[in-house]
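In what follows, a structure is listed as structure tokens, so that the remarks can point back to it.
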Amino acid sequence: MDIKRDLEIVKPDKTLYTIYKYDKLDSTNTFLKQHCSALPDYTVIWADEQTDGRGRFTRIWNSQPGLDLTFSLLLPLTSLEQKLRQNITQIAALSVAQMLEGYGLKPSVKWPNDVLVQGKKISGILCEVAESKERVCGVLGIGLNANNTEEFLANLDLPATSLHYELRHKVVRQDLLKKLLEIIINRFDVLCQTGFTQNRQEIRKKLAFINEQIVFTDVKQDSYSGKIIDLNDDGTLLFECEKRGIISLNSGEIAFHNSYTMRKFL
Ligand code: BTN
């Protein structure tokens, strides 16, 4: 496996951790899951090209070699309460949103794991758990459309955008990555130390489609129409379902909103 170069990043406790950059991998999440037992916490695997990038619900994550940012971060789960694991994806989405605000954009978080700009997807997050004999780790994978072409974005399954498209200039992916890692690691630290409350309040302010009519699909692909009312304290979604009344949703996804529709609904 060719490693192009290693970069170093300073953690909040002032120690260094390493970013391994590869020319080509099947998937940074798959690679990190396979090698987690041999790597220290906070290791980052960045690939210029993924040949089998994965999204949630066995979807494919399409990307353009050298143009977008696809990486995975190894998170220690030992100091995180089990019930807070489900919130990692959300704090990652919030971190991406915060990083994008630094570029003057106004992102929103589409519960639980997508980041939108101008109502179009700019980033997706896939958090998985990797267990070896020695330990249990979180593998947090992020795909961010950085310098993607308009043609590529127009051919995706969802309305999508990129930093290049929104800002009208190219961005340096290494800068994005460093800024983003700093934010994520700090927010993860807050999650471990104090729980979800602080992050929850910030996500709540950026939540897409709140009080709007949506269609939600659960993991069994059953669909429900209704309105998002709020983000609960534990990060589940409070939903006013037309058929079932007020319910909390803890998995699945928002599949339809009149400005944001998966092609399968068209
Ligand atoms: C989604 O939108 O469903 C989540 C997409 C996550 C994509 C990232 S790219 C880096 C990491 N490696 C993968 O194979 N997937 C994640």
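We count ligands from 1, going down the list as the structure has it; atoms in each ligand are counted the same way.
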Does a salt bridge link Asp233 with Arg204, judged by any charged N lying under 4.0 Å from a carboxylate O? no
SB check Glu131 Lys33 (cutoff 4.0 Å): no
Could you tell me whether Phe71 approaches ligand 1 through its side chain, its backbone, both or neither, with non-hydrogen atoms closer than 4.0 Å? backbone
Side chain, backbone, both or neither: which part of Thr30 has a heavy atom under 4.0 Å from ligand 1? neither
Kindly give the heavy-atom pair with the smallest separation between Arg173 and Leu67, and that separation in Å. CD-O, 3.6 Å
Please identify which atoms of ligand 1 are closer than 4.0 Å to at least one heavy atom of [X].
X      : value
Gly53  : 14 (O)
Asp114 : 2 (O)
Gly55  : 1 (C), 3 (O), 4 (C), 5 (C)

Around [X], counting heavy atoms of other residues, nucleotides and ligands shown, do more than 12 lie under 6.0 Å from its [atom1]?
X      : atom1 : result
Gln118 : CD    : no
Glu151 : CD    : no
Ile60  : CD1   : no

Nearest heavy atom to atom 2 (O) of ligand 1 wins, so pick from Arg56, Arg59, Lys121, Glu253. Lys121
Starting from [atom], what is the nearest protein heavy atom, named by residue and atom, and what distance separates them?
atom                    : result
atom 15 (N) of ligand 1 : Arg54 O, 2.7 Å
atom 11 (C) of ligand 1 : Thr28 OG1, 3.3 Å
atom 12 (N) of ligand 1 : Gln50 OE1, 2.9 Å

Measure the spacing between CG of Leu126 and CG of Asn29 and express it to the nearest 0.5 Å. 5.0 Å
So is there a nitrogen or oxygen of [X] less than 3.5 Å from a nitrogen or oxygen in ligand 1?
X     : answer
Trp61 : no
Ser27 : yes
Thr70 : no

Flag the pair Tyr224 / Phe239 as yes when their ring centroid distance falls below 6.0 Å, and as no otherwise. no
